[in-house]
Number of protein chains: 2
Amino acid sequence: MDFKRLRILRELADRGTVGATAEAMKVTPSAVSQQLKTLQEELGVVLVKKSGRGVRLTEAGLAMAGAAAEVSTAMARAEATIDTYRRGWQTHVRAAFFPSAAEMFLPGLLHRVKAIDGLHFEAHFEDPNVAGFAGLTADYDIVLAHSVDGPDVFARLGLTVVPLLDEPLDVAVPEGHALAGKSTLRAEDVIGFPWMGVPEGFPFDTVLRQIEVQADSPAVRAQTFPDLRVLEALVSAGHGLSLLPRYTALKNQGRGFVLRPLAGVKASRSIVALARPDVAARTTIQQVLTLLKAEAQSVAEAPELRDAAHLN
Amino acid sequence: MDFKRLRILRELADRGTVGATAEAMKVTPSAVSQQLKTLQEELGVVLVKKSGRGVRLTEAGLAMAGAAAEVSTAMARAEATIDTYRRGWQTHVRAAFFPSAAEMFLPGLLHRVKAIDGLHFEAHFEDPNVAGFAGLTADYDIVLAHSVDGPDVFARLGLTVVPLLDEPLDVAVPEGHALAGKSTLRAEDVIGFPWMGVPEGFPFDTVLRQIEVQADSPAVRAQTFPDLRVLEALVSAGHGLSLLPRYTALKNQGRGFVLRPLAGVKASRSIVALARPDVAARTTIQQVLTLLKAEAQSVAEAPELRDAAHLN
DNA sequence: AAATCCATGAAGTGAGGCTACAGGGCGGCG
DNA sequence: CGCCGCCCTGTAGCCTCACTTCATGGATTT
């Protein structure tokens, strides 16, 4: 089965007539007709039927045209792939960031990638659930991901995992709140207040359960929201407490809420970069991953975090 | 860019040497060498480098080989498509069922499809979250799905939606439990007992919240489990109450638990069949969908449900 | 240094897709 | 109702291009 013939079928499905198809492919109608005939003989299936003075695709023809379209897009991807290698090395790198990763890493990373001459670095936003991160590696060279249970979940899927950061979860407390006076919070301190959840994929409930066990008393769960900003605002407005990732939330600390670490409870998420192994092996990708690791390290060691060392 | 040339590159990536590639494709090494040369000139990219007395793919070559593999799989899908049309109409239909849909519909449906002569009906099990159902339509002709918010969520994605069944959620109560004596339960009746959740995608929390509002008192949430059988067993063992889909759970009623409908609270899930519109238009698919609707209706009107009419 | 393996180049051949042209079915229009 | 025009299809001939054969040269092994 030949790709050119499939393309003709696809074109015919779009244009409707043999003549228009021929024109679109810059050949004569006769050529189109002949190729269709050969395709049908080769497949042993009737793809087109005469209809009036034109032709109409059969169901099989429509189905094959659909399949042909998929082949076309695969071909287009191949063409796109080659475009990124015209200089002899991969010059286009596409990466997917979830919101807080973009906030943390992008500003610094964009500066760093400028050092690689000729590199086009494209950052895209994606906000999938945990299972969705892995699938994105089909569409992007590098996928920033976070996980509750450590980086191993992704490695089990056959992906290359580059650990970037382990980010603790702290308790966000309204400014002026009674708990804001303490530098460290214990389960008994926080158990009585209503909780606003962080988005799915964070160990919100796991941590809350730890707190319940330690305090030996049930916690009050209020609604969860899929946006850290909303949670920050809710906490600031005094609606309750929340568990927020430290490095992300720290920048906004002081706008109505403060962060306090939990004592006696282990709570953090790992932030990693994912790539398919064959992609990760490429030198350009390696370079970008190295820059990403450097950026992550400098984020973790940033002055504003050292100033906030009391959180540890 | 020609598919045959890409295949040669792919083969070379697998086999490692021009000679082996030539043998695999039943041509002479010279032919392979020439095609690779043409491909490189046409793409303007170096794909192979001499290495010792053999050759080695460059990074661009490896990347292109990967892209070529994707094109190959698309081609294979096209071939598979045509196989299902050798009789002039689609003879193979692949459908995806989530567990309780399989339990409800498959036994009867398999009988019905036997009436279509020459049809190969393949049922597969898939258990995705709500967002995942839509994606399955790329891999299956028909996808059984359930949704909390009615069928519209899928229609918005451009999918054809065939409503099959609206299944109420009832309260599962341990046999001999105080509440088992009542034929209908109200929010105040059930609010005090611990709840076991149904899997994600069921309106477990939505319903529970309605109950809380009606009873004006918080409910006690115990763990949720992604398996209805486990929940049934937990209820039977007296660990608490649960919300279970009526038609699915009814068959097991009596094995330690009974179902009681909720009054004053609207709780149900819609079960639908999904298909890409182009697929749904095919006559074979239409036939199967018709059978599926018929089976769904006969499930809803089944004797054991009429016997349990007091549930309504 | 000879032998061997592997890839590549040059020349010739053949399959197959294309054009040009002719023919035939179907619908529209006077 | 018959003529015209549109659209598809068939045939003959050309020409492109992938393949084979044969020959050459670089790299590794003994």
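Note that these values count all heavy atoms, side chains included, but never hydrogens, waters or copies made by symmetry. Computed from a predicted model, the values in this text were never measured in an experiment. In what follows, every chain begins at residue 1, and chains take the letters A, B, ... in the order their sequences are listed.
For H120(B), the ring pair (Phe, Tyr, Trp, His ring centres under 6.0 Å) partners two or more places apart in sequence, or in a different chain, are H92(B). Qualifying ring pair (Phe, Tyr, Trp, His ring centres under 6.0 Å) partners for F133(A), counting only residues two or more places apart in sequence or in other chains: F98(A), H146(A).
Rounded to whole angstrom, the span from the CD1 atom of I8(A) across to the C1' atom of dC18(C) amounts to 11 Å. The NZ-P distance, from K4(B) to dG16(C), rounds to 9 Å in whole Å. Per the geometry, CD belonging to E41(B) stands 13 Å off C1' belonging to dG9(C), to the nearest Å. Atom CZ of R56(A) and atom C1' of dC26(C) are 15 Å apart (whole Å). Between E23(B) atom CD and dA7(C) atom P there is a gap of 12 Å when expressed in whole angstrom units. The distance between atom CZ of R5(A) and atom C1' of dC18(C), rounded to the nearest whole Å, is 13 Å. For the pair Q35(A) CD and dA15(C) P, the interatomic distance rounds to 17 Å; values are reported in whole Å.
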Distances for protein N or O near nucleotides 20-25 of chain C N or O, under 3.5 Å:
{"unit_1": "dA20(C)", "atom_1": "N6", "unit_2": "S30(A)", "atom_2": "OG", "d": "3.1"}

Checking side chain to side chain donor-acceptor pair (under 3.5 Å) for the pair T290(A)/R112(A): CA distance, chi angles, key distance, verdict? CA-CA 10 Å; T290(A) 304; R112(A) 290 175 195 263; over 6 Å; no
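A salt bridge is absent between R156(A) and D152(A): the closest approach of a Lys/Arg side-chain nitrogen to an acidic carboxylate oxygen does not fall below 4.0 angstrom. Under the 4.0 Å criterion applied to side-chain N and carboxylate O atoms, D278(A) and R276(A) are assigned as salt-bridge partners.
Note that the first and last nucleotides of DNA chain D, 5' to 3', having any atom under 4.0 angstrom from a heavy atom of chain B are dA18(D) to dT28(D).
Minimum heavy-atom separation, A67(B) to T81(A): CB-OG1, 4.1 Å.
Note on T17(B): only backbone sugar-phosphate atoms sit closer than 4.0 angstrom, heavy atoms only; bases stay farther off. In this structure, K26(A) reaches the sugar-phosphate backbone alone: every heavy-atom distance under 4.0 Å involves primed, P, OP1 or OP2 atoms, never a base.
Take the nearest nucleotide of DNA chain C for V27(A) and for V48(B): the residue whose nucleotide is more 5' is V48(B). In this structure, P29(A) and V32(B) both approach DNA chain C, and ranking their closest nucleotides by distance from the 5' end singles out V32(B).
Between L12(A) atom CG and R15(A) atom CZ the span is 10.5 Å, to the nearest 0.5 Å.
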Which atom pairs, donor and acceptor, lie under 3.5 Å between side-chain atoms of residues 134-145 of chain B and protein residues at least two apart or in another chain?
{"unit_1": "T137(B)", "atom_1": "OG1", "unit_2": "A134(B)", "atom_2": "O", "d": "2.5"}
{"unit_1": "Y140(B)", "atom_1": "OH", "unit_2": "E126(B)", "atom_2": "OE2", "d": "2.7"}
{"unit_1": "D141(B)", "atom_1": "OD2", "unit_2": "Q90(B)", "atom_2": "NE2", "d": "3.4"}
{"unit_1": "D141(B)", "atom_1": "OD2", "unit_2": "R94(B)", "atom_2": "N", "d": "2.9"}

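Pairs of residues two or more places apart, or lying in two chains, that qualify as side chain to side chain donor-acceptor pair (under 3.5 Å) and include a residue from residues 55-65 of chain A are E59(A)-T283(B).
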